[in-house]
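We name chains A, B, ... by the order of the sequence lines, and we start the count at 1 in each one.
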Amino acid sequence: MNNIKKELNMASKETRQDSIGRFISYFCITIIGVLVISIIYFITSRGLTMFFANHVKLSDFLLKTTWNPGTLDSHGKPEVGALPMIVTSFSVTILSAILATPFAIAVALFMTEYADKRGAKLLQSVIELLVGIPSVIYGYIGLSVVVPMIRHIYGGTGFGILAGTIVLFVMILPTITSLTVDSLRAVPQHYRQVSLSLGATKWQTIYKLILRVGTPGILTAIIFGMARAFGEALAVQMVIGNAAIMPKNLVSVASTLTSQLTTGIGNTVLGTFANNALWSLALVLLIMSLLFNTLVRIVGNKGAVKNERKNKQ
Amino acid sequence: MSKIITSENVSVYYGKQRAINNINLDFNVHNITALIGPSGSGKSTYLRCLNRMNDLINNVTVSGSIKLNGKDIFSPQMDIVNLRKTVGMVFQQPIPFPFSIYENVAYGLRLNGIKEKKILDVRIEKALRQSALWEEVKDSLHDNGFSLSGGQQQRLCIARVLAVEPEVVLLDEPTSALDPISSAQIEDTLVSLKNEFTFIIVTHNMQQASRISDWTAFFLDGKLEEYSATKKLFLNPDKEKTSDYLNGKFG
Ligand SMILES: Nc1ncnc2c1ncn2[C@@H]1O[C@H](COP(=O)(O)OP(=O)(O)O)[C@@H](O)[C@H]1O
Ligand SMILES: [Mg+2]
């Protein structure tokens, strides 16, 4: 009798496991949350130092085109115009995404609509392999193949936005492709049947139905690809030329936010003005990646609303 | 009475497994023909032959001959896209596309290159009236198709098929996922459209077959066990197995 009472009053083994499990996951979530918040706080506070402590105008930072944090201009003001890096970063990101998207959609369509199971599996593993290759390898290939080729065709050094775009194109292609494949696979199989039964050709089914239903997913894939391109440092640094000047054309040396950061951060001392200026570049990067994230969420939600089954039956 | 579809010695194999065996079955124009029989007896398989949807399944072999208005649908001259426009299909589950009601019905029309809004409007209203959905959705044509109830969704799917103006409409258990009231609405719709279309409907529901069909084909184990006018088949079947099935002795 007493035994039963005791057992009933005590939490069961399962309940205890449950609360331990809950504790562990909340604990981890807290750690992650603290990490994220401190990273954001750290970069923000460092990134803003230049504006508050060194009284640099935000408009000068965003709109001026000379980047030379070590020296002062004729008015005695430091030269921290980040526009060249911002322009270059956006250029390589947008160009590589424009280049990669049609390829990614074509490969994804081939994998989901045309290839047999074995072919699709094979391509899938090729793509996974490509995603896993470290960026230094891409940079190295860019340096030893792409740059000389551009030099040969267009003259000049071969370094620049074009080389950066081509390297990033190869790097983000697998990312965009595999996410696009996911979104096309998520289009229910019976939609295809219905479409064909209405007298659609396979090609009509693809572009009037599958691509249309998959659009939010494909947009998400492109944004993920762009986020990766925007944030990529090493491979770009190896082929872009690393001159913090306004790019004159696609084959003139330039520098992205990331390449400027990686080249500069080792050469400055924490707390100096030149160092603060680099933190401001990092802040721009952070803001951009938060923006990409928000975009992904907005686009993803739109798709979810559209495909939701509001079955009132 | 003229025949719109005639089929002779139709057999279908999935791999080496025979699903239906030497079916001979003709369909009268502007009639409703019901295909009944226990599940697994090959009704869906046979139905999918009529618009060649079996072509989409791997490893299927179809033999025999099926003629639509006298033309062999398996001949190399047969344009399969046109065949499916002439012989439309409604599936068991309502499957609207995740588009607006308007765009759902417009889908088949746009496939045919119809772009002009005036023509689309007219054809869409006509199809929605035919499927008896117009009054319920005329003010919300641009709402998502999923915002409708299950029965309404199925009538939307029927409208989507009718908009293409097929001659024959195949329906594979179109009401089995619906409540009785929605089912009855769809039955009424089919009966009211008999003069414009030829319907071939697979159904599990024998009351449904007896209520709406003119002819009934009883499938058993991949064979056509009995085929006659619906009244005759239900009241006075020739075969003992048919009467056993109708009396619920198996199935
Ligand atoms: N896609 C398929 N692959 C293999 N076998 C199938 C397939 N579809 C149906 N079958 C088989 O064919 C037979 C007839 O099935 P079906 O035509 O679906 O019957 P019914 O519609 O009368 O229930 C069944 O034995 C079923 O298992
Ligand atoms: Mg069936």
Side-chain angles (χ1 to χ4, degrees), chain A residues 109-121 180 182-221 298-313, chain B residues 48 50-53 55-58 79-100 103-113 143-154 157 160-166 169-170 172 177-179 181-182:
Chain A
L109 280 175
F110 177 76
M111 286 173 65
T112 57
E113 312 300 324
Y114 291 98
D116 57 4
K117 270 216 177 92
R118 264 200 11 228
K121 270 227 174 91
T180 301
D182 291 347
S183 92
L184 298 183
R185 289 233 166 98
V187 177
Q189 202 58 41
H190 45 243
Y191 285 5
R192 293 168 174 85
Q193 274 182 35
V194 171
S195 173
L196 293 171
S197 80
L198 286 164
T201 61
K202 182 149 189 169
W203 178 238
Q204 284 176 323
T205 302
I206 286 174
Y207 80 83
K208 284 189 192 285
L209 183 69
I210 297 172
L211 287 180
R212 192 167 155 193
V213 177
T215 297
I218 296 172
L219 285 179
T220 307
I298 292 171
V299 173
N301 280 344
K302 269 228 173 95
V305 170
K306 220 171 132 198
N307 291 323
E308 195 181 358
R309 279 197 88 117
K310 290 187 223 131
N311 215 330
K312 286 194 218 143
Q313 191 193 329
Chain B
R48 282 198 301 267
L50 301 178
N51 63 346
R52 290 186 57 180
M53 287 301 277
D55 292 15
L56 306 178
I57 303 170
N58 284 332
D79 180 2
I80 195 159
V81 163
N82 277 333
L83 170 68
R84 290 186 185 143
K85 283 173 186 162
T86 315
V87 185
M89 186 165 217
V90 175
F91 297 78
Q92 182 169 1
Q93 294 291 332
I95 308 170
F97 296 139
F99 309 150
S100 69
E103 281 304 318
N104 263 286
V105 186
Y107 188 83
L109 300 171
R110 291 192 194 280
L111 292 178
N112 289 328
D143 287 5
N144 196 297
F146 287 131
S147 63
L148 300 173
S149 73
Q152 288 173 321
Q153 287 183 16
Q154 191 63 303
C157 294
R160 185 172 59 190
V161 172
L162 298 185
V164 186
E165 297 182 341
V169 180
L170 314 174
D172 194 348
L178 306 179
D179 58 277
I181 293 173
S182 304

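Between Y114(A) and F110(A), the two ring planes are parallel [angle under 30°; tilted spans 30° to 60°].
Proximity to chain A is limited to the side chain of L56(B), based on heavy atoms less than 4.5 angstrom apart. Interface residue V161(B): backbone and side-chain heavy atoms are both found under 4.5 Å from chain A. At a 4.5 Å heavy-atom cutoff, R52(B) makes no contact with chain A through either its backbone or its side chain. Interface residue M89(B): backbone and side-chain heavy atoms are both found under 4.5 Å from chain A. Proximity to chain A (any heavy atom under 4.5 Å) is shown, for Q154(B), by neither the backbone nor the side chain.
Between the side chains of N51(B) and R84(B), no donor-acceptor pair is found at a separation under 3.5 Å. Side-chain atoms of S195(A) and Y107(B) form a donor-acceptor pair, as typed in the model, at a separation below 3.5 Å. No side-chain donor from either of S147(B) and N144(B) sits under 3.5 Å from a side-chain acceptor of the other.
K85(B) has no carboxylate O lying under 4.0 Å from a charged side-chain N of E165(B), or vice versa, which leaves the two without a salt bridge.
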